[in-house]
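Remarks on the structure that follows.
Here the structure is a predicted model, which means the values were calculated and not measured. In what follows, chains are A, B, ... by sequence order, proteins preceding strands, each numbered from 1.
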Number of protein chains: 2
Amino acid sequence: MRIASGRKAFVEPLRLGERLKEIRLANQWTLEEVSQRTGLARSTLSKIENDQISPTFTAVQKLINGLAIDLPQLLSPPKPQTQTLGRRDLTRSGEGQHHPTPTYEHELLSCQLAQKRMIPFKTIVRARHFEEFSEWVRHDGEEFLMVLEGKILMYTEYYEPLPLESGDSIYFDSAMGHALVSVSEEDAVVLSVCTRGDTV
Amino acid sequence: MRIASGRKAFVEPLRLGERLKEIRLANQWTLEEVSQRTGLARSTLSKIENDQISPTFTAVQKLINGLAIDLPQLLSPPKPQTQTLGRRDLTRSGEGQHHPTPTYEHELLSCQLAQKRMIPFKTIVRARHFEEFSEWVRHDGEEFLMVLEGKILMYTEYYEPLPLESGDSIYFDSAMGHALVSVSEEDAVVLSVCTRGDTV
DNA sequence: AAACTCGGTTTCCGATAGTGAACAAGTCAT
DNA sequence: ATGACTTGTTCACTATCGGAAACCGAGTTT
């Protein structure tokens, strides 16, 4: 047993063979037909279906091409279109997950809900001078931001510094470098909501 | 037996290595860090990124687990890096587009920016009793909501009414029927951010 | 400038995925 | 029944994937 140094990274089952067989049978295809369509050998297909081997990614591509299915379809195991309807995740004021840094103190909101498309968090802006940032903050996706308390100066990569105060809001492409500094007596507080950077 | 000549099954590119590298660099991870997270060897990662090998599906799983990304994100092809970089849309307090109704008074924020993935708006909750709503409010997608001023009672289709006050926030599936009423002296004010209901 | 670090690539080799051929188990037709 | 055909599994072999370690700049440090 080779040790993979510390970290776990367990590979759960995710029985893709089973799923593949389902699809094949649902379409009343034989292994031979699937072989024709995908270019993979009958034997290989058999082994994949019985979870005897873990297919190469190119093999997976041949499968999704040849069978005209898409990944989600191949992965969604028992087809649970049940939907996570009616989920919700409450965060009382101040009770989010705190992540302090020298310049910002982030408080992640609604962090119990795993699969979500937006990431909301509240930030106390500790920074007082632009120079405190070693480099731009940037991340894929879009960001909406509203100042809840105090006044800030928003520095961005492409624009002049922009003064914002309580109630002002801004929507921007968060791949553009940005950085906030407080300019009021007290530290400013802002609410941000970011998109997850995936699906375009 | 339809197609009898699919033998070749052209292996189209779908440069996953490239995409993976993008993701890694975007997060400023080194190969070593990714190795720790995924349990894959540095060398293996390097080869995958340079399209020297086609990773096993288990390897792909380790990647998506370890990096907390999902398949679509990994596959979404060459990334539209062009992007409308550096867009932004400022809304000064109170200067959004107002849409009054008997129960709510919505103020759309950042409405100059057309193509965006989130819709932020501020709402003054005029309703005082649940009975004022003829039916549930519901819409595709997800919604994040934070109470800015006052106290409200949030009625939902599947849960007990939930009292929320200034600073509290909640994230929920907005397909679940919902309705807000003010229970404080003054009308309550809430900030909402919805996802656009398209991309699943 | 040698000595060290750090991030990435390349090398070598054991482990395993993918293939064609052989095999076992039906099914069908005579 | 017997032989011809089909379908899925197993075998033997080769191609290639995955990992440890060596290797290579590019900085830093001494």
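Ion pairing between B:Lys21 and B:Glu18 fails under the 4.0 Å rule for side-chain N and carboxylate O.
Across the protein-nucleic acid pair, A:Asn50 atom CG and D:dG8 atom P stand 11 Å apart, rounded to whole Å. Rounded to an integer number of Å, the gap from A:Ile53 CD1 to C:dT19 C1' is 10 Å. Nucleotide C:dG18 holds its P atom 12 Å from the CD atom of A:Gln61, rounded to whole Å. Protein atom CG of B:Asp51 is 15 Å distant from nucleotide atom P of D:dT16, rounded to whole Å. Straight-line distance from the CG atom of A:Leu40 to the C1' atom of C:dA17: 11 Å, rounded to whole Å. One can place CD of B:Glu32 at 12 Å from C1' of D:dA20, the figure rounded to the nearest angstrom. In this entry the distance linking CZ of B:Phe57 with P of D:dG18 reads 13 Å, nearest Å. Atoms CD (B:Glu49) and P (D:dC17) sit 16 Å apart, rounded to a whole Å.
Using a 4.0 Å heavy-atom distance criterion, B:Glu33 is classed as making no nucleic acid contact. At a threshold of 4.0 angstrom between heavy atoms, the contacts of B:Leu45 with the nucleic acid are absent.
Here B:Gln52 reaches the OP1 or OP2 of C:dT10: one of its side-chain N or O atoms lies under 4.0 Å away. Using a 4.0 Å cut-off, some side-chain N or O of A:Thr44 falls inside it from OP1 or OP2 of C:dT19.
Under the 6.0 Å cut-off for aromatic ring centres, B:Phe144 and A:Phe121 do not qualify, their centroids lying 6.0 Å or more apart.
Side-chain atoms of B:Arg24 lie closest to C:dG8 of the nucleotides C:dG8, C:dG20, D:dG18. Distance from the side chain of B:Thr56 is smallest for D:dG18 among the nucleotides D:dG8, D:dG18, C:dG18. Here D:dT9 is the nucleotide among D:dT10, D:dG19, D:dT9 with the atom lying nearest to any side-chain atom of A:Leu31. Closest approach to the B:Lys21 side chain among C:dT9, C:dT19, D:dT9 is made by C:dT9 (side chain taken as heavy atoms from C-beta onward). When distances are taken from the side chain of A:Thr30 to each of C:dT9, D:dG8, D:dT10, the shortest belongs to D:dG8.
Atom NE2 of B:His99 is surrounded by more than 12 heavy atoms from other residues, nucleotides or ligands within 6.0 Å. The 12-atom threshold is exceeded at NE2 of A:His98, counting heavy atoms of other residues, nucleotides or ligands nearer than 6.0 Å.
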Nucleotides 21-26 of chain D: which of its N/O atoms have a protein N/O under 3.5 Å away?
none

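Judged by distance alone with a 3.5 Å cut-off, a donor-acceptor contact links the side chain of A:Lys47 to the base of C:dT19.
B:His178 contributes a side-chain N or O that, together with a main-chain N or O of B:Val137, makes up a donor-acceptor pair within less than 3.5 Å.
Residue pairs meeting the side-chain hydrogen bond (donor to acceptor under 3.5 Å, both in side chains) criterion with at least one member in residues 160-170 of chain A, sequence neighbours excluded, are A:Asp168-B:Arg92.
Scanning for side chain to side chain donor-acceptor pair (under 3.5 Å) contacts around A:Ser174 gives A:His139, with sequence neighbours left out.
When B:Met118, B:Glu143, B:Met146 are each tested for a side chain to side chain contact (heavy atoms under 4.5 Å, CB included) with B:Val193, only one passes: B:Met118.
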